[in-house]
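Side-chain atoms are counted along with the backbone in the values below, which use heavy atoms only and exclude waters and symmetry mates. Just so it is clear: chains get the letters A, B, ... in the order the sequence lines come, proteins before strands, and each one is counted from 1.
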Number of protein chains: 2
Amino acid sequence: MTQQRKKPSKAPANVTSHDVAKAAGVSQSVVSRAFSANGKIAPETRKRVLGVAQDLGYHPNAFARSLVQQRTRIVGVLIARLDNHLYPKVLDAFTAQLWAAGRQVMYFNVDDGGDIDKVLRTALQYRVEAMVVASITLSSHMAEVFCDAGIPVVLFNRYLDDPNVHAVSCDNVAGGRMVADAFLDAGHTRFAFIGGHPDTSTNHDRKGGFMTRLKERGAALSYALEKDYSYDWGRNAAHHLLSQKGPPDALFCASDLIALGALDTARAECGLRVPEDVAIVGFDDIEAASWQSYALTTVQQPVDLMLAETLAVILHKDSQPKRVTVPVTFVERGTTRPRVPSGEVVAL
Amino acid sequence: MTQQRKKPSKAPANVTSHDVAKAAGVSQSVVSRAFSANGKIAPETRKRVLGVAQDLGYHPNAFARSLVQQRTRIVGVLIARLDNHLYPKVLDAFTAQLWAAGRQVMYFNVDDGGDIDKVLRTALQYRVEAMVVASITLSSHMAEVFCDAGIPVVLFNRYLDDPNVHAVSCDNVAGGRMVADAFLDAGHTRFAFIGGHPDTSTNHDRKGGFMTRLKERGAALSYALEKDYSYDWGRNAAHHLLSQKGPPDALFCASDLIALGALDTARAECGLRVPEDVAIVGFDDIEAASWQSYALTTVQQPVDLMLAETLAVILHKDSQPKRVTVPVTFVERGTTRPRVPSGEVVAL
DNA sequence: CTGAAAGCGCTAACAC
DNA sequence: GTGTTAGCGCTTTCAG
């Protein structure tokens with residue numbers, strides 16, 4: 001004979017632990033204990049309280065709890081925009097792992113010209129326990145504010161010469177160098193770089209590594225165009241580059257999205273064969289890079305590793321701000337030519 | 001002579017309004033007023049207080065405020081996963097618009113087999129003022145719980161025959177019908193449907209509209225395979241379908257991602273020409289659908305409209321739960337053949 | 001315009 | 001085990 005639980009036809013907006021206490025004939029603190037894992041309470045009392053609570057539609061108020069515990073369990077995540085296909089994956093994995101660690105994610109983004117500082121100040125008001133910032137840079141002023149507040153900030157895929165912030169990124173310089181080597185080894189001679197936002201450290205480092213390595217091996221970058229990380233920009237830039245006289249025969253794009261646009265334009269608009277006429281390499285290794293129509297050669301960012309490092313900082317509240325750089329992998333697919341052992345070429 | 005503001009080398013973790021009050025020589029409530037837009041306070045007092053607050057690194061505690069105001073300004077967003085390329089865009093637009101309306105987003109996701117109810121209960125504890133749930137369905141029990149708590153739930157791209165939840169989706173049935181018409185008008189005869197998760201309303205409605213319309217015009221669906229909304233599934237299903245005897249000559253895929261996989265397989269693995277040998281249509285109109293290598297014909301979901309409807313519900317706390325269905329658009333690109341005016345074909 | 005006081009709903013000692 | 005109590009940091013009457 002289970003008794004039908006009575007349910008108020010219209011719950012009075014906010015049921016509090018007091019209401020539950022009264023209905024269950026216990027004190028309010030017993031209700032509190034019933035909901036806390038290690039609260040000293042008789043098993044049967046807890047059971048009864050929990051039952052009453054459910055009947056009444058009671059849910060502990062996390063705001064009240066956080067206030068007294070001085071602990072919100074909220075982590076702020078700020079991503080400029082999710083339009084780089086890598087970030088949705090990052091956000092999802094991140095959210096899932098934080099959830100597993102009992103944390104909630106407060107998600108922020110900023111549209112172009114948006115006030116980043118205002119966003120960060122809001123995060124501060126919600127007392128986030130950590131803040132991860134991706135694809136965007138914060139002012140060193142705000143970095144200091146967070147530092148003063150004792151809230152760790154970790155820059156994802158970006159860094160700042162600021163002792164107050166953590167930064168985890170992949171080895172963008174090494175990635176650029178790998179691409180240079182691949183091009184050189186395959187016998188290319190005219191190199192171009194299609195970049196993303198010119199004032200991002202990722203863009204800067206990828207280009208830097210590329211150029212440096214070219215130079216080290218006696219070659220040089222012929223063209224460099226930079227604007228943003230979009231497919232459309234890849235198309236425009238490639239069109240411009242490939243339709244001129246003495247076009248490049250090797251294109252390094254600062255992101256896969258750019259590379260995909262460049263690839264489409266090279267083939268469809270310029271009637272070029274890839275990689276026979278022009279080789280194209282991207283950066284990131286987003287899902288679409290492996291799609292059959294593209295089979296894009298690219299530099300893979302080890303997202304999982306970067307995530308793990310970020311979580312380590314956040315969850316263990318790592319002592320000193322540290323700058324982590326994880327290694328990248330060159331993924332050869334169909335948009336680059338096979339390498340010619342350079343020894344043999346030079347031998348004569 | 002601007003005076004250098006003193007900054008404590010190490011702020012004592014939490015600066016409260018009391019600290020500011022003391023330092024500014026005012027009462028705590030004045031500090032509170034200084035930070036509230038319509039607080040009655042002398043302009044110069046406010047200025048001074050704000051100055052002191054900044055020096056001390058004070059940030060109002062949103063938790064304390066929410067507690068007393070009974071208002072968190074947090075909206076919960078639960079998306080199964082961001083792997084449908086439409087959702088990152090949705091989340092971003094949504095976050096931006098909520099931000100403009102002074103709301104924060106608490107983001108949740110559930111991995112396969114995850115406990116949705118637990119997620120929702122957590123959202124309840126954080127007193128979200130509204131909950132939007134995308135690409136996933138909640139139990140009618142939780143729908144009731146939210147209803148009792150007076151928190152509007154809006155299902156995005158899904159619906160439930162539950163009087164307690166709002167639902168906004170596009171006209172999936174009409175979309176399916178449009179595809180049937182396009183295929184029929186172009187003279188196709190053997191139709192296949194590659195679906196996503198079989199137990200989703202979107203999948204059901206798209207397929208339903210497609211089948212119904214075929215039947216209405218005297219045709220029939222030859223094959224239907226359903227599994228999930230991924231590129232890989234599109235590849236596998238298409239491979240299976242197209243490599244058998246009497247293969248379909250028209251493929252309707254329940255999402256663009258599936259269609260892209262099918263398209264790649266049809267061309268690269270099966271050596272088929274699209275649309276000459278087989279026509280392929282997707283659903284969603286994600287960015288990649290318009291990429292030159294694909295030029296996928298698809299049914300476009302008016303994301304902006306759906307977003308606007310969702311926001312209307314949340315921000316205006318719309319009275320009665322309502323079910324909104326917005327119209328879709330058929331976008332003809334390169335994976336379908338031109339239509340033959342049906343009158344002429346049948347005329348003889 | 002400013003200050004004092006009463007909670008918002010909860011946890012965490014502290015007694016019993 | 002359970003009840004009592006004192007706040008967590010803030011907004012909001014209500015006096016002055």
Side-chain angles (χ1 to χ4, degrees), chain A residues 11-50 52-53 56-74 102 122 124-129 149, chain B residues 11-50 52-53 56-74 102 122 124-129 149:
Chain A
N14 270 323
V15 185
T16 74
S17 54
H18 281 102
D19 301 331
V20 177
K22 204 182 308 173
V26 294
S27 78
Q28 181 272 331
S29 48
V30 168
V31 177
S32 174
R33 288 186 189 107
F35 279 88
S36 98
N38 51 355
K40 288 173 183 308
I41 182 177
E44 46 201 86
T45 309
R46 160 173 283 149
K47 201 174 143 196
R48 184 161 48 89
V49 170
L50 257 27
V52 174
L56 261 41
Y58 168 74
H59 297 273
N61 186 324
F63 277 70
R65 172 190 299 150
S66 294
L67 192 56
V68 51
Q69 286 190 154
Q70 307 270 58
R71 189 143 172 36
T72 62
R73 300 187 163 275
I74 293 179
T122 301
L124 239 20
Q125 298 197 179
Y126 278 92
R127 297 296 191 264
V128 297
E129 298 182 349
Chain B
N14 270 323
V15 185
T16 75
S17 54
H18 281 103
D19 301 331
V20 178
K22 203 182 309 173
V26 294
S27 76
Q28 181 271 332
S29 45
V30 168
V31 178
S32 174
R33 289 186 188 104
F35 279 88
S36 98
N38 51 356
K40 289 172 183 310
I41 182 177
E44 45 200 86
T45 309
R46 160 172 283 148
K47 200 173 145 197
R48 185 161 47 87
V49 170
L50 257 27
V52 174
L56 260 41
Y58 168 74
H59 297 273
N61 185 325
F63 276 70
R65 172 191 298 150
S66 294
L67 192 57
V68 50
Q69 287 189 153
Q70 306 271 57
R71 190 145 170 34
T72 61
R73 301 186 164 275
I74 293 180
T122 301
L124 240 20
Q125 298 197 182
Y126 278 92
R127 296 296 189 263
V128 296
E129 297 183 350

Once you round to the nearest 0.5 Å, how far does [atom1] of [X] lie from [atom2] of [Y]?
X	Y	atom1	atom2	value
B:Y126	A:T72	OH	OG1	6.0 Å
A:S29	A:I41	OG	CD1	9.0 Å
B:F63	A:R65	CZ	CZ	11.0 Å
A:Y58	A:H18	OH	NE2	10.0 Å
A:Q69	A:L67	CD	CG	10.5 Å

Would you mind reporting whether [Y] and [X] have side-chain heavy atoms less than 4.5 Å apart?
X	Y	value
B:N61	B:T16	no
A:V20	A:F35	no
A:N14	B:R127	yes

N/O donor-acceptor pair under 3.5 Å between B:E129 side chain and B:R73 backbone: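 Present.
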Check for a donor-acceptor pair, side chain of A:R46 on one end and backbone N or O of A:R33 on the other, with a separation under 3.5 Å.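 Yes, because the side chain of A:R46 sits within donor-acceptor range (under 3.5 Å) of the backbone of A:R33.
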For [X] and [N], give me the distance from atom [atom1] to atom [atom2], rounded to whole Å.
X	N	atom1	atom2	value
B:R127	D:dC10	CZ	P	21 Å
B:L124	C:dG9	CG	P	15 Å
A:Q125	D:dC8	CD	P	20 Å
B:F35	D:dG9	CZ	C1'	13 Å

If you look at every heavy atom in A:A24 and A:V49, which pair is closest and at what distance?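 Nearest heavy atoms, A:A24 then A:V49: CB-CG2, 4.4 Å.
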Interface residues of residues 60-73 of chain A with DNA chain C (non-hydrogen, below 4.0 angstrom):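 Going residue by residue through residues 60-73 of chain A, the ones with a heavy atom under 4.0 Å of DNA chain C turn out to be A:P60, A:N61, A:A64, A:R65, A:V68, A:Q69.
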Contacts under 3.5 Å, N or O only, protein and nucleotides 2-5 of chain C:
from	atom 1	to	atom 2	distance (Å)
C:dT2	OP1	B:T45	OG1	2.6
C:dT2	OP2	B:A42	N	2.9
C:dG3	OP2	B:S27	N	2.9
C:dG3	OP2	B:S27	OG	3.2
C:dG3	N7	B:S29	OG	3.4
C:dG3	N7	B:R33	NH1	3.4
C:dG3	O6	B:R33	NH2	2.3
C:dA4	N6	B:S29	OG	3.4

Check every strand shown and say whether A:S17 touches a base, only sugar-phosphate, or nothing at a heavy-atom separation below 4.0 Å.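 Sugar-phosphate, backbone atoms only, no base.
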Heavy atoms only, 4.0 Å cut-off, all strands: where does B:Y58 land among base, sugar-phosphate and nothing?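 Result for B:Y58 = sugar-phosphate.
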To 10°, what angle do the rotation axes through the five end pairs on each side of the helix from C:dC1-D:dG16 to C:dC16-D:dG1 form?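 Comparing the first five pairs with the last five, the axes sit 30° apart.
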Between A:Y126 and D:dG9, is there a contact of a side-chain N or O with OP1 or OP2 at under 4.0 Å?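 Negative; the distance criterion is not met.
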